[in-house]
Amino acid sequence: MGKCLLLLLVVVLSSLLRFLQALECFQCHRVNASGVCESGESFCQTQGSQQCFLRKVYEGDTISYGYQGCSSLCVPMKIFKLSVTVEFRCCHDSPLCNKF
Ligand SMILES: *[C@@H]1O[C@H](CO)[C@@H](O)[C@H](O)[C@H]1NC(C)=O
């Protein structure tokens, strides 16, 4: 019983630590449709509960442009507005996981 609880604690703590660990993410103010960063290319380190994010903006079915960076607001979502779709995705499982 005690061992089981300890094991659980270790699992919870290690996942928490992994979560708190700084992660390197791609950062770009504008990624064009071919996945090339056109402005503000750099890297960021997540802090606290931040994660890497990737936002893609589609016009109709075709990708229009995107953004990459670190964010603490990480609700995966899809917003539809007329013919524009904005897809927001976060990840924290590996460094630079927010590749376009
Ligand atoms: C994206 O940028 C690259 C480099 O500037 C360029 O070669 C490519 O044609 C661009 N793609 C689009 C879809 O604009």
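Order of listing sets the numbers, starting from 1, for every ligand and every atom in it. We count residues from 1, following the sequence as given.
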request  = Applying side chain to side chain contact (heavy atoms under 4.5 Å, CB included), name anything that partners Thr62, two or more places apart in sequence or on another chain.
outcome  =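 Thr62: no side chain to side chain contact (heavy atoms under 4.5 Å, CB included) contacts found.
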key: All side chain to side chain contact (heavy atoms under 4.5 Å, CB included) counterparts of Ser39, not counting sequence neighbours   =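 Counting only residues at least two positions away or on another chain, Ser39 forms a side chain to side chain contact (heavy atoms under 4.5 Å, CB included) with His29, Arg30.
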query = Can you find a side-chain donor-acceptor pair between Gln27 and Ser42 that sits under 3.5 Å?
reply =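 Indeed, the side chains of Gln27 and Ser42 share at least one donor-acceptor pair under 3.5 Å.
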inquiry  = Could you tell me if Glu38 and Asn32 have a donor-acceptor pair between their side chains, going purely by distance under 3.5 Å?
reply    =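 Yes, a side-chain donor-acceptor pair sits under 3.5 Å.
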task = Look at the SG atom of Cys52 and the SG atom of Cys25, then say if they are under 2.5 Å from each other.
result =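 Yes, Cys52 links to Cys25 through a disulfide.
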Residues in the immediate environment of ligand 1 (any heavy atom closer than 4.0 angstrom) =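 The 4.0 Å shell around ligand 1 contains Asn32, Ala33, Ser34, Val36, Glu38.
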key: Those residues that, when tested against Phe100, pass ring pair (Phe, Tyr, Trp, His ring centres under 6.0 Å) (two or more places apart)   =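 With sequence neighbours excluded, Phe100 shows a ring pair (Phe, Tyr, Trp, His ring centres under 6.0 Å) to no residue whatsoever.
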